[in-house]
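Per chain, numbering begins at 1; letters A, B, ... match sequence-line order.
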2 protein chains.
Amino acid sequence: METVGEASAGGRAGWLEAGFDALAEGGVANVRVEVLAKRLGVTKGGFYWHFRDRPELLSALLADWRDGRIRTIDQQTSRLGGEPVATALRRLLDLYLGRGNPRGTAIELAVRDWARRQTEAADAVAAVDRHRLECVSRLFAQMNFAPEQAFARAYLFYAFIFGQSLLVCDRHAADMARTRETCAQLLVGE
Amino acid sequence: METVGEASAGGRAGWLEAGFDALAEGGVANVRVEVLAKRLGVTKGGFYWHFRDRPELLSALLADWRDGRIRTIDQQTSRLGGEPVATALRRLLDLYLGRGNPRGTAIELAVRDWARRQTEAADAVAAVDRHRLECVSRLFAQMNFAPEQAFARAYLFYAFIFGQSLLVCDRHAADMARTRETCAQLLVGE
DNA sequence: GTCAGTCAATACGGAAGCGTATGGAAACGG
DNA sequence: CCGTTTCCATACGCTTCCGTATTGACTGAC
């Protein structure tokens with residue numbers, strides 16, 4: 001496939017990818033058409049072939065993010081070979097605490113900040129949260145917590161995950177890892 | 001005091017106030033000179049009398065916020081008449097959970113989002129967090145937790161406060177209040 | 001009245017950003 | 001060759017935003 005200019009955005013997917021990169025780096029205000037075009041090494045002509053306008057890109061980013069997050073939750077919360085519930089919860093927690101996916105975290109926080117001010121974003125986050133809280137509640141319920149208690153623990157679980165990303169601690173990394181480990185133990189009881 | 005035009009920004013403090021309002025509503029990208037001027041019912045001439053440029057306003061907002069947050073922490077974490085520690089912690093937690101200060105919360109979250117991308121903001125947040133974590137650690141230590149455990153609990157305490165603001169739950173308000181109450185009990189043990 | 005200080009309005013030039021219109025280029029099929 | 005589809009580049013007009021320069025208005029002190 002040969003393209004018009006020297007560079008190519010990689011089609012619609014390329015624009016979405018650039019959108020997520022910009023979102024991760026600077027929040028939704030950073031998702032701008034000409035900025036994305038420059039990032040992709042093209043001009044904005046192609047953008048307007050794929051998307052009617054900027055809001056359509058933003059909607060596409062939200063839908064993409066929402067569907068992707070929901071798609072991975074069941075898998076992330078499934079117990080491998082009937083392992084202890086606490087182990088499954090710890091594995092899930094470690095996905096976030098390990099700092100192994102800074103881009104994913106940055107996108108998540110950017111979307112959540114956006115959701116504080118825009119209905120469509122809030123709806124996407126609500127859908128993701130609903131599913132996640134249900135899945136993690138189910139895990140806590142398997143630890144014989146009553147439904148309300150299970151839900152509250154799932155709520156605390158996710159609040160911690162996102163909240164700790166917002167705290168700025170200037171302690172040693174090793175100390176912070178220990179602190180998070182202690183919090184993890186408080187959260188999942190192991 | 002009569003002023004030049006019909007409207008008056010209320011001096012430097014007025015501009016800072018407008019800046020905080022804009023910050024609360026739309027994050028740091030929303031803090032724009034002409035937008036603030038319009039909000040105050042004046043033009044931007046006076047802004048440039050008080051501030052050299054936009055970055056100077058942003059720095060002032062950060063310093064103001066940091067100093068204000070630090071100033072209130074000791075008072076917020078002092079135990080009234082030797083009351084139980086848990087009571088003091090609950091009172092502190094309720095400042096955030098009660099939704100009684102949406103503007104303060106919005107500003108706090110906007111500053112924290114800003115801090116993810118800008119050093120000066122991150123430094124301000126770090127200073128506030130350091131002080132808060134120390135004060136709340138001290139309270140947990142009075143409950144006879146070891147220093148590391150006390151700190152971890154303080155960390156979890158604040159992570160929960162900010163994290164729950166980022167979650168979007170479409171359950172009934174009464175249900176959510178009950179959930180938060182359960183989380184509060186898990187956090188302070190009462 | 002004059003001067004200095006405080007605080008502001010306005011005009012201007014430049015930059016960034018958006019969306020629209022138009023034209024270009026490549027590939028493919030008839 | 002022509003038409004269609006895909007994907008893009010470019011020019012343009014408009015809006016928003018920024019910072020600078022200049023001028024205006026009011027108050028208080030001398």
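Other residues, nucleotides and ligands contribute over 12 non-hydrogen atoms within 6.0 Å of the CZ atom of B:R103. Summarising the local packing, CZ of B:R91 is surrounded by more than 12 heavy atoms from other residues, nucleotides or ligands at distances under 6.0 Å.
Distances were taken from every side-chain heavy atom of A:W15 (C-beta onward) to each of D:dA9, C:dT20, D:dC8; the shortest belongs to D:dC8. Counting only heavy atoms from C-beta on, B:V42 has its side chain closest to C:dA8 among D:dC8, D:dC18, C:dA8.
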Using atom names, set out every protein N or O paired with an N or O of nucleotides 13-16 of chain C below 3.5 Å, distance rounded to 0.1 Å.
none

Legend entry - Full working for salt bridge (Lys or Arg N to Asp or Glu O under 4.0 Å) between B:R66 and B:D129: CA-CA 10 Å; B:R66 183 199 64 223; B:D129 282 354; over 6 Å; no
Legend entry - From CA spacing to verdict: ring pair (Phe, Tyr, Trp, His ring centres under 6.0 Å), B:W15, B:F47: CA-CA 7 Å; B:W15 287 101; B:F47 172 83; 5.3 Å; yes
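One can place CG of A:L57 at 10 Å from P of C:dC18, the figure rounded to the nearest angstrom. Remark: P of D:dG19 and CZ of B:R52 are 10 Å apart, rounded to the nearest angstrom. The CZ-P distance, from A:F51 to D:dC7, rounds to 11 Å in whole Å. What separates CG of B:D53 from P of D:dA21 is a distance of 13 Å, to the nearest Å. A straight line from CH2 of A:W49 to P of C:dG19 spans 18 Å, rounded to a whole angstrom. Here C:dG5 presents its P atom at 19 Å from CZ of B:R12, a figure rounded to the nearest Å. Atom P of nucleotide D:dG19 and atom CG of B:L36 are separated by 11 Å, given to the nearest angstrom. Straight-line distance from the NZ atom of B:K38 to the C1' atom of D:dT15: 12 Å, rounded to whole Å.
With sequence neighbours left out, the side-chain contact (heavy atoms from CB on, under 4.5 Å) criterion links B:A29 to A:A29.
When each of B:V33 and A:F47 is assigned the nucleotide of DNA chain D bearing its nearest heavy atom, the one mapping closer to the 5' terminus is A:F47.
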Throw together a table of side-chain donor-acceptor distances under 3.5 angstrom for residues 159-170 of chain A, partners on residues two or more places apart or in other chains.
{"unit_1": "A:Q164", "atom_1": "OE1", "unit_2": "A:R99", "atom_2": "NH2", "d": "3.0"}
{"unit_1": "A:Q164", "atom_1": "OE1", "unit_2": "A:R180", "atom_2": "NE", "d": "3.0"}
{"unit_1": "A:Q164", "atom_1": "NE2", "unit_2": "A:I161", "atom_2": "O", "d": "3.1"}
{"unit_1": "A:S165", "atom_1": "OG", "unit_2": "A:I161", "atom_2": "O", "d": "3.4"}
{"unit_1": "A:D170", "atom_1": "OD2", "unit_2": "B:R130", "atom_2": "NE", "d": "3.2"}
{"unit_1": "A:D170", "atom_1": "OD2", "unit_2": "B:R130", "atom_2": "NH2", "d": "2.6"}

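Taking every heavy atom of both residues into account, B:S137 and B:F151 meet most closely at OG-CA, 3.3 Å.
Contact between the side-chain N/O atoms of A:H50 and the OP1/OP2 oxygens of D:dT6 is not found at any separation under 4.0 Å.
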